[in-house]
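Residue numbers begin at 1 in each chain, while the letters A, B, ... track the order of the sequences.
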Amino acid sequence: MKEIHELDLPDDVRYAEDHEWVRSEGSKLVVGISDYAQDQLGDIVFVELPEVGAKLSKGEAFGTVESVKAVSELYMPVGGTIAAINGKLEESPELVNNQPYGQGWMVEVQPGDPKEIDALMTQQAYLEMLKGL
Amino acid sequence: MNDAVKMTRLHQWHVQQGANMARFGQYDMPLWYRAGAKNEHLAVITASGLFDTSHMSSIMVRGADARRLLQRCFSKDLHRCIGRQQEPLMAGRSVYGVFLAEKGDVIDDAIVFQIDDAAYLVVVNAGMGPEISAHLRSHSNSGGADISDLTDALGKLDLQGPASAKILGRVLADPASVLTELPYFSFTGHFDPASPLSDSVKLVDGTPILLSRTGYTGEFGFEIFVEPEQFTQVWERILAAGQDHGLLPCGLAARDSLRAGAVLPLSHQDIGPWPFIRNPWEFALPYTVDRSGFTKQFVGADALLSQKDSPYTYPFAGSDLRKVTAQDPASVFYSSGDAIGTVLTCATDMAIGRSDGNIFSIASPDKPAGFQPRGLCCGFVIVDRPLQPGTTVRLKDNRRSIEVEIVTDIRPARTARMALAQFLT
(Lines give C-alpha, C1' and ligand atoms only; values in the text may rest on other atoms or scores of the structure.)
Protein backbone atom coordinates (compact mmCIF):
# COMPACT_ATOMS: atom_id res chain seq x y z
CA MET A 1 0.00 0.00 0.00
CA LYS A 2 1.31 3.43 -0.88
CA GLU A 3 2.17 5.72 1.99
CA ILE A 4 0.38 9.06 1.85
CA HIS A 5 3.58 10.80 0.72
CA GLU A 6 3.97 8.31 -2.14
CA LEU A 7 0.56 9.11 -3.63
CA ASP A 8 0.39 11.01 -6.88
CA LEU A 9 -2.14 13.79 -6.24
CA PRO A 10 -1.91 16.36 -9.03
CA ASP A 11 -3.12 19.89 -8.30
CA ASP A 12 -4.79 20.49 -11.68
CA VAL A 13 -7.78 18.30 -10.77
CA ARG A 14 -10.49 18.40 -8.12
CA TYR A 15 -11.37 15.40 -5.96
CA ALA A 16 -14.64 13.85 -4.72
CA GLU A 17 -15.14 12.04 -1.41
CA ASP A 18 -15.59 8.77 -3.30
CA HIS A 19 -12.09 9.23 -4.75
CA GLU A 20 -13.02 10.28 -8.28
CA TRP A 21 -11.11 13.19 -9.80
CA VAL A 22 -12.37 15.83 -12.24
CA ARG A 23 -10.31 17.90 -14.66
CA SER A 24 -11.67 20.88 -16.57
CA GLU A 25 -10.91 20.66 -20.30
CA GLY A 26 -12.58 23.43 -22.27
CA SER A 27 -16.31 23.23 -21.69
CA LYS A 28 -16.07 19.54 -20.67
CA LEU A 29 -15.01 17.76 -17.50
CA VAL A 30 -12.87 14.62 -17.55
CA VAL A 31 -13.39 12.09 -14.74
CA GLY A 32 -11.28 9.24 -13.39
CA ILE A 33 -10.30 7.70 -10.04
CA SER A 34 -7.45 8.85 -7.85
CA ASP A 35 -4.11 7.18 -7.26
CA TYR A 36 -5.31 6.38 -3.74
CA ALA A 37 -8.41 4.61 -5.11
CA GLN A 38 -6.50 2.51 -7.64
CA ASP A 39 -3.92 1.56 -5.01
CA GLN A 40 -6.64 0.46 -2.61
CA LEU A 41 -8.45 -1.56 -5.27
CA GLY A 42 -5.37 -3.36 -6.56
CA ASP A 43 -5.14 -4.84 -10.06
CA ILE A 44 -8.07 -3.48 -12.04
CA VAL A 45 -9.31 -6.16 -14.41
CA PHE A 46 -12.55 -4.71 -15.76
CA VAL A 47 -14.17 -1.29 -16.10
CA GLU A 48 -17.85 -0.91 -16.92
CA LEU A 49 -18.74 2.53 -18.32
CA PRO A 50 -22.06 4.18 -19.28
CA GLU A 51 -23.43 4.85 -22.77
CA VAL A 52 -22.44 8.11 -24.39
CA GLY A 53 -25.41 10.46 -24.07
CA ALA A 54 -26.49 9.15 -20.66
CA LYS A 55 -27.72 11.93 -18.37
CA LEU A 56 -26.61 11.38 -14.79
CA SER A 57 -26.89 13.51 -11.69
CA LYS A 58 -24.21 14.18 -9.15
CA GLY A 59 -23.76 11.15 -6.87
CA GLU A 60 -25.38 8.72 -9.31
CA ALA A 61 -23.45 5.56 -10.23
CA PHE A 62 -21.96 5.81 -13.73
CA GLY A 63 -20.20 2.47 -13.84
CA THR A 64 -18.16 -0.10 -11.97
CA VAL A 65 -14.51 -0.76 -11.55
CA GLU A 66 -13.60 -4.36 -10.86
CA SER A 67 -10.36 -5.42 -9.26
CA VAL A 68 -9.21 -8.87 -8.22
CA LYS A 69 -10.45 -7.92 -4.76
CA ALA A 70 -13.83 -6.35 -5.32
CA VAL A 71 -16.35 -4.69 -7.61
CA SER A 72 -16.85 -1.01 -6.75
CA GLU A 73 -19.30 1.59 -7.98
CA LEU A 74 -18.13 4.75 -9.71
CA TYR A 75 -20.10 7.87 -8.75
CA MET A 76 -20.62 11.04 -10.75
CA PRO A 77 -18.67 13.80 -8.98
CA VAL A 78 -20.74 16.33 -10.97
CA GLY A 79 -24.04 16.06 -12.82
CA GLY A 80 -24.20 16.12 -16.62
CA THR A 81 -24.29 14.23 -19.88
CA ILE A 82 -21.70 11.61 -20.79
CA ALA A 83 -19.95 13.12 -23.82
CA ALA A 84 -17.31 10.39 -24.28
CA ILE A 85 -15.97 7.26 -22.62
CA ASN A 86 -12.43 5.89 -22.60
CA GLY A 87 -12.79 2.90 -24.93
CA LYS A 88 -9.18 1.83 -24.29
CA LEU A 89 -10.15 0.58 -20.84
CA GLU A 90 -12.11 -2.29 -22.37
CA GLU A 91 -8.91 -3.93 -23.62
CA SER A 92 -6.50 -2.37 -21.12
CA PRO A 93 -8.17 -1.83 -17.74
CA GLU A 94 -4.70 -1.77 -16.13
CA LEU A 95 -4.30 1.77 -17.51
CA VAL A 96 -6.33 2.87 -14.47
CA ASN A 97 -3.59 1.46 -12.23
CA ASN A 98 -0.69 2.72 -14.30
CA GLN A 99 -1.89 6.20 -15.29
CA PRO A 100 -4.93 7.08 -13.20
CA TYR A 101 -4.88 10.75 -14.28
CA GLY A 102 -3.79 10.16 -17.86
CA GLN A 103 -4.58 7.21 -20.14
CA GLY A 104 -6.68 5.72 -17.33
CA TRP A 105 -9.37 8.46 -17.50
CA MET A 106 -12.91 7.11 -17.60
CA VAL A 107 -15.57 9.49 -18.88
CA GLU A 108 -15.92 12.99 -20.31
CA VAL A 109 -18.91 14.91 -19.03
CA GLN A 110 -20.80 17.88 -20.42
CA PRO A 111 -21.69 19.41 -17.07
CA GLY A 112 -25.21 20.60 -16.32
CA ASP A 113 -23.78 23.26 -14.02
CA PRO A 114 -20.15 24.16 -14.83
CA LYS A 115 -19.77 25.64 -11.36
CA GLU A 116 -20.41 22.28 -9.66
CA ILE A 117 -16.71 21.44 -9.91
CA ASP A 118 -15.92 24.29 -7.52
CA ALA A 119 -17.63 22.41 -4.69
CA LEU A 120 -15.14 19.51 -5.03
CA MET A 121 -11.98 19.19 -2.97
CA THR A 122 -8.69 20.78 -3.89
CA GLN A 123 -5.54 18.64 -3.76
CA GLN A 124 -4.82 19.99 -0.29
CA ALA A 125 -8.31 19.30 1.02
CA TYR A 126 -8.26 15.78 -0.44
CA LEU A 127 -4.87 15.10 1.12
CA GLU A 128 -6.25 16.19 4.49
CA MET A 129 -9.21 13.87 4.04
CA LEU A 130 -6.91 10.93 3.22
CA LYS A 131 -4.82 11.63 6.31
CA GLY A 132 -7.97 11.26 8.35
CA LEU A 133 -8.89 7.85 6.89
CA MET B 1 -13.14 -13.99 21.24
CA ASN B 2 -10.38 -11.45 21.77
CA ASP B 3 -10.80 -8.63 19.27
CA ALA B 4 -7.18 -7.45 19.27
CA VAL B 5 -5.43 -7.56 15.91
CA LYS B 6 -2.72 -10.21 15.74
CA MET B 7 0.35 -10.16 13.57
CA THR B 8 2.61 -12.86 12.23
CA ARG B 9 6.38 -12.58 12.68
CA LEU B 10 6.62 -11.22 9.15
CA HIS B 11 4.19 -8.38 9.67
CA GLN B 12 6.83 -5.69 9.59
CA TRP B 13 8.37 -7.24 6.48
CA HIS B 14 4.99 -7.24 4.71
CA VAL B 15 4.47 -3.57 5.52
CA GLN B 16 8.01 -2.62 4.48
CA GLN B 17 7.48 -4.35 1.14
CA GLY B 18 4.48 -2.13 0.49
CA ALA B 19 1.88 -4.87 0.86
CA ASN B 20 -1.79 -3.90 0.93
CA MET B 21 -2.78 -5.20 4.34
CA ALA B 22 -6.19 -6.27 5.56
CA ARG B 23 -7.72 -8.05 8.50
CA PHE B 24 -8.20 -11.77 7.98
CA GLY B 25 -9.69 -13.49 10.99
CA GLN B 26 -7.79 -11.96 13.88
CA TYR B 27 -4.70 -11.27 11.81
CA ASP B 28 -3.48 -8.27 9.82
CA MET B 29 -2.30 -9.99 6.65
CA PRO B 30 -0.98 -9.00 3.20
CA LEU B 31 -3.58 -9.05 0.40
CA TRP B 32 -0.95 -8.45 -2.26
CA TYR B 33 2.49 -6.92 -2.62
CA ARG B 34 3.79 -4.43 -5.19
CA ALA B 35 3.60 -6.93 -8.05
CA GLY B 36 -0.19 -7.10 -7.61
CA ALA B 37 -2.54 -10.03 -7.08
CA LYS B 38 -2.76 -10.89 -10.77
CA ASN B 39 1.00 -11.29 -11.20
CA GLU B 40 1.19 -13.23 -7.94
CA HIS B 41 -1.56 -15.61 -9.09
CA LEU B 42 0.17 -16.13 -12.45
CA ALA B 43 3.57 -16.64 -10.78
CA VAL B 44 2.22 -19.67 -8.92
CA ILE B 45 1.02 -21.20 -12.20
CA THR B 46 4.15 -20.47 -14.21
CA ALA B 47 6.98 -20.11 -11.66
CA SER B 48 6.54 -20.01 -7.89
CA GLY B 49 4.98 -18.01 -5.07
CA LEU B 50 5.77 -17.75 -1.37
CA PHE B 51 2.96 -17.26 1.16
CA ASP B 52 3.16 -16.38 4.85
CA THR B 53 0.63 -18.79 6.34
CA SER B 54 1.76 -18.70 9.95
CA HIS B 55 -1.62 -17.20 10.89
CA MET B 56 -2.95 -20.75 10.57
CA SER B 57 -3.23 -22.74 13.79
CA SER B 58 -1.47 -26.03 14.47
CA ILE B 59 -2.25 -28.44 17.26
CA MET B 60 0.02 -31.27 18.39
CA VAL B 61 -1.87 -34.34 19.59
CA ARG B 62 0.33 -36.87 21.37
CA GLY B 63 -0.03 -39.98 23.43
CA ALA B 64 -1.41 -43.49 23.44
CA ASP B 65 -4.95 -42.25 22.80
CA ALA B 66 -4.04 -39.78 20.05
CA ARG B 67 -5.02 -41.95 17.11
CA ARG B 68 -8.25 -43.17 18.67
CA LEU B 69 -9.18 -39.58 19.48
CA LEU B 70 -8.60 -38.36 15.92
CA GLN B 71 -10.36 -41.40 14.52
CA ARG B 72 -13.35 -40.39 16.66
CA CYS B 73 -13.32 -36.65 15.81
CA PHE B 74 -11.83 -36.34 12.31
CA SER B 75 -13.87 -37.29 9.24
CA LYS B 76 -11.25 -39.42 7.49
CA ASP B 77 -10.92 -43.09 8.42
CA LEU B 78 -7.29 -43.17 9.55
CA HIS B 79 -7.23 -46.94 9.05
CA ARG B 80 -8.18 -46.61 5.39
CA CYS B 81 -7.18 -43.38 3.73
CA ILE B 82 -3.89 -43.56 1.84
CA GLY B 83 -3.82 -44.18 -1.90
CA ARG B 84 -5.95 -46.42 -4.05
CA GLN B 85 -5.36 -49.37 -1.74
CA GLN B 86 -6.87 -47.38 1.13
CA GLU B 87 -3.97 -48.09 3.45
CA PRO B 88 -3.77 -46.77 7.01
CA LEU B 89 -2.34 -43.36 7.75
CA MET B 90 1.33 -43.85 8.61
CA ALA B 91 4.25 -41.74 9.77
CA GLY B 92 5.22 -39.28 7.03
CA ARG B 93 1.78 -39.09 5.47
CA SER B 94 -1.07 -36.62 5.88
CA VAL B 95 -4.79 -36.48 5.08
CA TYR B 96 -7.37 -33.78 4.52
CA GLY B 97 -10.69 -33.93 6.36
CA VAL B 98 -13.11 -32.03 8.55
CA PHE B 99 -14.06 -31.81 12.20
CA LEU B 100 -17.82 -31.98 12.57
CA ALA B 101 -20.23 -31.17 15.36
CA GLU B 102 -22.71 -33.91 16.38
CA LYS B 103 -25.33 -32.46 14.03
CA GLY B 104 -22.98 -32.84 11.06
CA ASP B 105 -22.03 -29.15 10.74
CA VAL B 106 -18.43 -28.21 10.02
CA ILE B 107 -16.39 -26.80 12.90
CA ASP B 108 -13.30 -26.53 10.69
CA ASP B 109 -11.34 -28.36 8.02
CA ALA B 110 -7.82 -29.64 8.65
CA ILE B 111 -4.85 -31.63 7.47
CA VAL B 112 -3.68 -34.28 9.93
CA PHE B 113 0.02 -35.15 9.70
CA GLN B 114 1.14 -38.39 11.35
CA ILE B 115 4.55 -37.55 12.86
CA ASP B 116 5.08 -40.95 14.51
CA ASP B 117 3.06 -43.69 16.23
CA ALA B 118 1.90 -41.37 18.97
CA ALA B 119 2.14 -37.85 17.59
CA TYR B 120 -0.09 -36.06 15.09
CA LEU B 121 0.11 -32.47 13.89
CA VAL B 122 -3.35 -31.10 13.16
CA VAL B 123 -3.29 -27.97 10.99
CA VAL B 124 -6.50 -25.95 11.09
CA ASN B 125 -7.54 -22.45 10.04
CA ALA B 126 -6.47 -19.12 11.51
CA GLY B 127 -7.85 -18.60 14.97
CA MET B 128 -9.26 -22.13 15.23
CA GLY B 129 -6.54 -23.61 17.48
CA PRO B 130 -8.36 -23.01 20.77
CA GLU B 131 -11.75 -24.25 19.51
CA ILE B 132 -10.47 -27.44 17.89
CA SER B 133 -8.23 -28.13 20.91
CA ALA B 134 -11.28 -27.80 23.19
CA HIS B 135 -13.32 -30.01 20.87
CA LEU B 136 -10.64 -32.70 20.97
CA ARG B 137 -10.32 -32.43 24.75
CA SER B 138 -14.05 -32.85 25.16
CA HIS B 139 -13.83 -36.21 23.35
CA SER B 140 -10.64 -37.36 25.08
CA ASN B 141 -12.24 -39.20 27.96
CA SER B 142 -9.30 -41.32 29.00
CA GLY B 143 -6.86 -38.46 29.22
CA GLY B 144 -4.49 -40.54 27.11
CA ALA B 145 -3.91 -37.72 24.66
CA ASP B 146 -1.90 -34.59 25.26
CA ILE B 147 -3.30 -31.76 23.17
CA SER B 148 -1.11 -28.69 22.75
CA ASP B 149 -2.27 -25.70 20.80
CA LEU B 150 0.69 -24.30 18.84
CA THR B 151 -1.19 -21.19 17.65
CA ASP B 152 1.38 -18.41 17.09
CA ALA B 153 4.12 -20.80 18.24
CA LEU B 154 4.94 -22.27 14.83
CA GLY B 155 6.05 -20.58 11.62
CA LYS B 156 4.50 -21.81 8.38
CA LEU B 157 5.24 -20.74 4.82
CA ASP B 158 3.93 -22.18 1.58
CA LEU B 159 6.18 -22.40 -1.48
CA GLN B 160 3.85 -23.15 -4.39
CA GLY B 161 4.33 -23.48 -8.11
CA PRO B 162 6.32 -25.51 -10.63
CA ALA B 163 9.69 -23.90 -9.79
CA SER B 164 9.33 -24.69 -6.07
CA ALA B 165 11.45 -27.84 -6.05
CA LYS B 166 14.37 -26.17 -7.81
CA ILE B 167 14.18 -23.20 -5.46
CA LEU B 168 14.03 -25.47 -2.44
CA GLY B 169 17.00 -27.42 -3.77
CA ARG B 170 19.10 -24.28 -3.38
CA VAL B 171 18.37 -23.86 0.32
CA LEU B 172 18.45 -27.48 1.50
CA ALA B 173 21.63 -28.83 3.06
CA ASP B 174 21.20 -32.14 1.24
CA PRO B 175 18.69 -31.67 -1.58
CA ALA B 176 19.48 -35.01 -3.21
CA SER B 177 18.33 -36.94 -0.16
CA VAL B 178 15.20 -34.84 0.44
CA LEU B 179 13.86 -34.15 -3.04
CA THR B 180 13.38 -37.75 -4.00
CA GLU B 181 10.07 -39.48 -3.72
CA LEU B 182 7.87 -37.14 -1.82
CA PRO B 183 4.35 -37.90 -3.03
CA TYR B 184 1.41 -35.51 -2.71
CA PHE B 185 0.29 -35.47 0.94
CA SER B 186 3.54 -36.81 2.35
CA PHE B 187 6.15 -35.03 4.44
CA THR B 188 9.58 -35.39 5.96
CA GLY B 189 11.65 -33.77 8.71
CA HIS B 190 10.58 -31.94 11.83
CA PHE B 191 10.70 -28.30 12.93
CA ASP B 192 11.74 -29.20 16.49
CA PRO B 193 15.54 -29.65 16.71
CA ALA B 194 14.96 -31.96 19.70
CA SER B 195 13.13 -34.47 17.49
CA PRO B 196 15.31 -37.18 15.90
CA LEU B 197 13.22 -36.65 12.75
CA SER B 198 14.68 -33.15 12.42
CA ASP B 199 17.96 -34.63 11.14
CA SER B 200 16.38 -35.64 7.86
CA VAL B 201 15.65 -32.14 6.49
CA LYS B 202 17.87 -29.20 7.22
CA LEU B 203 18.55 -25.97 5.43
CA VAL B 204 22.08 -25.01 4.49
CA ASP B 205 22.48 -23.13 7.79
CA GLY B 206 21.32 -26.15 9.79
CA THR B 207 17.74 -24.97 10.45
CA PRO B 208 15.46 -28.02 10.70
CA ILE B 209 12.13 -27.87 8.85
CA LEU B 210 9.09 -30.04 8.41
CA LEU B 211 8.63 -30.21 4.65
CA SER B 212 5.24 -31.26 3.31
CA ARG B 213 4.01 -31.86 -0.26
CA THR B 214 0.75 -30.02 0.37
CA GLY B 215 -0.70 -26.58 -0.26
CA TYR B 216 -3.81 -24.54 -0.92
CA THR B 217 -3.32 -23.50 -4.51
CA GLY B 218 -3.89 -26.66 -6.54
CA GLU B 219 -0.34 -26.36 -7.81
CA PHE B 220 2.82 -28.34 -7.12
CA GLY B 221 4.61 -27.16 -4.03
CA PHE B 222 5.36 -27.39 -0.36
CA GLU B 223 4.18 -26.29 3.03
CA ILE B 224 7.13 -25.63 5.33
CA PHE B 225 6.90 -25.61 9.12
CA VAL B 226 9.66 -24.00 11.12
CA GLU B 227 10.31 -22.77 14.66
CA PRO B 228 9.08 -19.16 14.89
CA GLU B 229 12.53 -17.79 15.77
CA GLN B 230 13.82 -19.08 12.42
CA PHE B 231 10.84 -17.97 10.41
CA THR B 232 12.00 -14.62 9.02
CA GLN B 233 15.42 -15.85 7.96
CA VAL B 234 13.94 -18.94 6.28
CA TRP B 235 11.46 -16.72 4.43
CA GLU B 236 14.20 -14.37 3.23
CA ARG B 237 16.53 -17.23 2.32
CA ILE B 238 13.92 -18.89 0.12
CA LEU B 239 12.91 -15.60 -1.51
CA ALA B 240 16.53 -14.85 -2.37
CA ALA B 241 17.03 -18.36 -3.75
CA GLY B 242 13.99 -18.01 -5.96
CA GLN B 243 14.70 -14.59 -7.37
CA ASP B 244 15.95 -15.78 -10.76
CA HIS B 245 13.20 -18.42 -10.92
CA GLY B 246 10.50 -15.74 -10.91
CA LEU B 247 9.48 -16.38 -7.30
CA LEU B 248 7.13 -13.72 -5.90
CA PRO B 249 5.89 -13.20 -2.36
CA CYS B 250 2.13 -13.68 -2.57
CA GLY B 251 -0.74 -12.37 -0.49
CA LEU B 252 -4.14 -13.67 0.48
CA ALA B 253 -5.87 -12.38 -2.67
CA ALA B 254 -3.83 -14.69 -4.92
CA ARG B 255 -4.24 -17.49 -2.40
CA ASP B 256 -8.01 -17.09 -2.60
CA SER B 257 -8.23 -16.93 -6.40
CA LEU B 258 -5.86 -19.89 -6.79
CA ARG B 259 -7.77 -22.09 -4.36
CA ALA B 260 -11.13 -21.17 -5.88
CA GLY B 261 -9.90 -22.22 -9.34
CA ALA B 262 -8.56 -25.43 -7.79
CA VAL B 263 -12.02 -26.22 -6.31
CA LEU B 264 -10.74 -26.07 -2.72
CA PRO B 265 -13.16 -24.82 -0.05
CA LEU B 266 -12.57 -21.91 2.30
CA SER B 267 -13.65 -23.00 5.76
CA HIS B 268 -16.40 -20.84 7.31
CA GLN B 269 -17.37 -19.66 3.83
CA ASP B 270 -17.83 -22.67 1.52
CA ILE B 271 -18.20 -25.16 4.35
CA GLY B 272 -19.53 -24.16 7.72
CA PRO B 273 -22.47 -24.40 10.08
CA TRP B 274 -24.52 -26.69 7.86
CA PRO B 275 -24.21 -30.44 7.21
CA PHE B 276 -21.03 -31.47 5.37
CA ILE B 277 -22.73 -33.39 2.60
CA ARG B 278 -23.74 -32.96 -1.06
CA ASN B 279 -20.64 -30.89 -1.81
CA PRO B 280 -17.52 -31.31 -3.99
CA TRP B 281 -15.51 -32.39 -0.92
CA GLU B 282 -17.28 -35.58 0.09
CA PHE B 283 -13.97 -37.37 -0.52
CA ALA B 284 -13.23 -36.18 3.02
CA LEU B 285 -15.93 -38.58 4.27
CA PRO B 286 -15.20 -42.29 4.89
CA TYR B 287 -17.91 -43.73 2.63
CA THR B 288 -18.08 -47.47 2.11
CA VAL B 289 -17.58 -48.59 -1.49
CA ASP B 290 -21.34 -48.76 -2.09
CA ARG B 291 -21.81 -45.42 -0.28
CA SER B 292 -24.51 -46.91 1.93
CA GLY B 293 -22.67 -45.91 5.08
CA PHE B 294 -19.30 -45.04 6.60
CA THR B 295 -16.38 -47.35 7.31
CA LYS B 296 -16.11 -45.98 10.85
CA GLN B 297 -18.11 -44.22 13.52
CA PHE B 298 -17.18 -40.58 14.14
CA VAL B 299 -18.64 -37.37 15.53
CA GLY B 300 -21.28 -36.10 13.12
CA ALA B 301 -21.56 -39.37 11.15
CA ASP B 302 -25.09 -40.29 12.28
CA ALA B 303 -26.39 -36.82 11.48
CA LEU B 304 -24.90 -36.92 7.97
CA LEU B 305 -26.33 -40.36 7.22
CA SER B 306 -29.82 -39.27 8.24
CA GLN B 307 -29.78 -36.03 6.20
CA LYS B 308 -32.66 -35.87 3.75
CA ASP B 309 -33.09 -32.25 2.66
CA SER B 310 -29.62 -30.73 2.86
CA PRO B 311 -28.70 -28.16 0.21
CA TYR B 312 -26.26 -28.90 -2.64
CA THR B 313 -22.92 -27.14 -3.14
CA TYR B 314 -21.44 -26.89 -6.67
CA PRO B 315 -18.46 -25.25 -8.33
CA PHE B 316 -19.27 -22.80 -11.12
CA ALA B 317 -17.36 -20.97 -13.85
CA GLY B 318 -18.47 -17.81 -15.63
CA SER B 319 -18.16 -16.82 -19.27
CA ASP B 320 -15.80 -13.92 -18.53
CA LEU B 321 -14.00 -12.41 -15.56
CA ARG B 322 -16.87 -10.35 -14.13
CA LYS B 323 -17.69 -11.27 -10.53
CA VAL B 324 -20.62 -10.82 -8.26
CA THR B 325 -20.05 -9.85 -4.63
CA ALA B 326 -20.90 -12.85 -2.48
CA GLN B 327 -21.07 -10.67 0.63
CA ASP B 328 -23.88 -8.50 -0.82
CA PRO B 329 -25.30 -11.27 -0.68
CA ALA B 330 -25.60 -12.70 -4.17
CA SER B 331 -28.45 -15.03 -5.13
CA VAL B 332 -28.62 -17.91 -7.58
CA PHE B 333 -31.50 -18.09 -10.09
CA TYR B 334 -32.58 -21.12 -12.09
CA SER B 335 -33.60 -20.78 -15.75
CA SER B 336 -37.25 -20.77 -14.64
CA GLY B 337 -36.54 -17.57 -12.72
CA ASP B 338 -36.78 -19.29 -9.33
CA ALA B 339 -34.32 -18.17 -6.66
CA ILE B 340 -32.63 -21.42 -5.70
CA GLY B 341 -29.70 -20.46 -3.47
CA THR B 342 -26.79 -18.17 -2.70
CA VAL B 343 -23.20 -17.61 -3.79
CA LEU B 344 -20.58 -18.82 -1.28
CA THR B 345 -17.41 -17.75 -3.11
CA CYS B 346 -16.96 -15.70 -6.25
CA ALA B 347 -13.37 -14.98 -7.31
CA THR B 348 -11.51 -14.46 -10.58
CA ASP B 349 -8.98 -17.07 -11.63
CA MET B 350 -6.65 -14.89 -13.72
CA ALA B 351 -4.89 -17.82 -15.41
CA ILE B 352 -7.88 -19.23 -17.28
CA GLY B 353 -10.23 -18.30 -20.08
CA ARG B 354 -12.68 -19.87 -22.50
CA SER B 355 -12.13 -20.83 -26.10
CA ASP B 356 -15.13 -22.25 -27.97
CA GLY B 357 -16.79 -22.65 -24.60
CA ASN B 358 -14.04 -24.83 -23.13
CA ILE B 359 -11.87 -23.66 -20.25
CA PHE B 360 -8.11 -23.54 -20.78
CA SER B 361 -5.30 -22.41 -18.49
CA ILE B 362 -2.11 -20.68 -19.49
CA ALA B 363 -0.54 -23.97 -18.33
CA SER B 364 -2.76 -26.16 -20.54
CA PRO B 365 -0.58 -28.13 -22.99
CA ASP B 366 -3.48 -28.10 -25.49
CA LYS B 367 -4.31 -24.41 -25.23
CA PRO B 368 -5.24 -22.69 -28.50
CA ALA B 369 -2.51 -20.79 -30.35
CA GLY B 370 -2.15 -17.22 -29.10
CA PHE B 371 -4.28 -17.96 -26.01
CA GLN B 372 -4.14 -14.95 -23.70
CA PRO B 373 -6.83 -15.32 -21.05
CA ARG B 374 -8.18 -12.38 -19.10
CA GLY B 375 -9.52 -14.58 -16.34
CA LEU B 376 -12.82 -16.24 -15.47
CA CYS B 377 -15.08 -15.70 -12.53
CA CYS B 378 -15.50 -18.89 -10.53
CA GLY B 379 -16.43 -20.17 -7.11
CA PHE B 380 -19.16 -22.08 -5.33
CA VAL B 381 -22.94 -21.84 -5.01
CA ILE B 382 -25.22 -23.56 -2.52
CA VAL B 383 -28.67 -24.39 -3.92
CA ASP B 384 -31.85 -26.18 -2.93
CA ARG B 385 -31.84 -28.78 -5.73
CA PRO B 386 -29.44 -31.07 -7.58
CA LEU B 387 -27.98 -29.56 -10.76
CA GLN B 388 -26.24 -31.35 -13.62
CA PRO B 389 -22.80 -30.17 -14.79
CA GLY B 390 -23.35 -27.86 -17.75
CA THR B 391 -26.47 -26.29 -16.26
CA THR B 392 -26.56 -22.51 -16.65
CA VAL B 393 -27.66 -20.46 -13.66
CA ARG B 394 -27.78 -16.72 -13.09
CA LEU B 395 -25.97 -15.03 -10.20
CA LYS B 396 -27.30 -11.68 -9.06
CA ASP B 397 -25.94 -9.19 -6.53
CA ASN B 398 -26.89 -5.58 -5.84
CA ARG B 399 -25.36 -4.31 -9.06
CA ARG B 400 -25.18 -6.98 -11.73
CA SER B 401 -26.42 -10.30 -12.96
CA ILE B 402 -24.17 -12.82 -14.71
CA GLU B 403 -24.68 -16.23 -16.27
CA VAL B 404 -22.43 -19.02 -15.05
CA GLU B 405 -22.12 -22.72 -15.71
CA ILE B 406 -22.26 -25.44 -13.05
CA VAL B 407 -19.05 -27.43 -13.49
CA THR B 408 -17.17 -30.32 -11.89
CA ASP B 409 -13.75 -28.70 -12.17
CA ILE B 410 -12.45 -25.20 -12.88
CA ARG B 411 -8.74 -24.55 -13.65
CA PRO B 412 -7.34 -27.28 -15.90
CA ALA B 413 -3.73 -28.54 -16.01
CA ARG B 414 -3.11 -28.16 -12.28
CA THR B 415 0.19 -29.52 -11.04
CA ALA B 416 -0.40 -30.41 -7.36
CA ARG B 417 -0.48 -34.18 -7.92
CA MET B 418 2.35 -34.49 -10.42
CA ALA B 419 5.52 -36.38 -9.46
CA LEU B 420 8.26 -34.31 -7.88
CA ALA B 421 10.87 -35.60 -10.32
CA GLN B 422 9.13 -33.79 -13.19
CA PHE B 423 9.91 -30.46 -11.57
CA LEU B 424 13.64 -31.05 -11.13
CA THR B 425 14.58 -31.41 -14.79
Side-chain angles (χ1 to χ4, degrees), chain A residues 1-8 18-20 33-51 54 56 59-76 85 87-100 104 106-107 130 133, chain B residues 14-22 24 28-42 250-258 260-261 318 320-328 330 343 346-351 353 372-378 395-402:
Chain A
M1 195 161 48
K2 287 188 179 179
E3 299 289 339
I4 293 252
H5 69 266
E6 293 175 284
L7 290 172
D8 177 18
D18 296 309
H19 309 289
E20 289 84 9
I33 63 168
S34 74
D35 191 29
Y36 173 83
Q38 72 77 23
D39 184 56
Q40 288 287 315
L41 287 164
D43 287 337
I44 288 160
V45 293
F46 193 77
V47 182
E48 223 164 11
L49 296 175
E51 300 279 335
L56 298 163
E60 212 175 329
F62 71 86
T64 58
V65 59
E66 178 154 1
S67 72
V68 288
K69 177 174 127 188
V71 187
S72 307
E73 309 277 0
L74 297 163
Y75 297 103
M76 292 289 279
I85 60 167
K88 279 190 187 164
L89 299 184
E90 195 178 340
E91 275 307 304
S92 308
E94 69 279 1
L95 289 171
V96 178
N97 292 119
N98 301 338
Q99 302 177 51
M106 289 174 173
V107 293
L130 293 180
L133 290 183
Chain B
H14 299 318
V15 172
Q16 279 169 355
Q17 295 296 311
N20 274 56
M21 306 293 290
F24 181 80
D28 191 41
M29 296 295 289
L31 286 178
W32 56 78
Y33 301 87
R34 296 262 188 208
K38 181 179 177 180
N39 286 330
E40 293 169 17
H41 180 111
L42 296 176
C250 297
L252 292 184
R255 187 165 162 84
D256 190 57
S257 52
L258 285 159
D320 58 43
L321 57 73
R322 286 175 307 153
K323 296 186 282 286
V324 292
T325 305
Q327 295 79 4
D328 263 2
V343 179
C346 188
T348 300
D349 188 323
M350 302 304 302
Q372 282 189 323
R374 295 182 59 184
L376 284 185
C377 117
C378 60
L395 312 183
K396 221 170 172 176
D397 67 5
N398 291 339
R399 55 174 80 75
R400 63 165 62 132
S401 155
I402 57 173

Can you pull out the donor-acceptor contacts between chain A and chain B, under 3.5 Å, including backbone atoms?
| residue | atom | partner | partner atom | Å |
| --- | --- | --- | --- | --- |
| Met1(A) | N | Gly18(B) | O | 2.3 |
| Met1(A) | N | Ala19(B) | O | 3.0 |
| Met1(A) | N | Asn20(B) | OD1 | 3.1 |
| Glu6(A) | OE2 | Arg34(B) | NH2 | 3.2 |
| Asp39(A) | O | Asn20(B) | ND2 | 3.0 |
| Asp43(A) | OD2 | Ala37(B) | N | 3.1 |
| Asp43(A) | OD2 | Lys38(B) | N | 2.7 |
| Glu48(A) | OE1 | Arg400(B) | NH2 | 3.0 |
| Thr64(A) | OG1 | Arg400(B) | NH2 | 3.2 |
| Glu66(A) | OE1 | Arg400(B) | NH1 | 2.5 |
| Glu66(A) | OE1 | Arg400(B) | NH2 | 3.3 |
| Glu66(A) | OE2 | Lys323(B) | N | 2.7 |
| Glu66(A) | OE2 | Lys323(B) | NZ | 3.4 |
| Ser67(A) | O | Lys323(B) | NZ | 2.5 |
| Val71(A) | O | Arg399(B) | NH1 | 3.3 |
| Val71(A) | O | Arg399(B) | NH2 | 3.4 |
| Glu73(A) | OE2 | Arg399(B) | NE | 2.8 |
| Glu90(A) | O | Arg374(B) | NH1 | 3.2 |
| Glu90(A) | O | Arg374(B) | NH2 | 2.9 |

Under 4.5 Å from a heavy atom of chain B, the part of Leu41(A) involved: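 Contact with chain B: backbone only.
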Heavy-atom contact with chain A under 4.5 Å, split by part of Ala19(B):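 It is the backbone, since no side chain atom gets that close.
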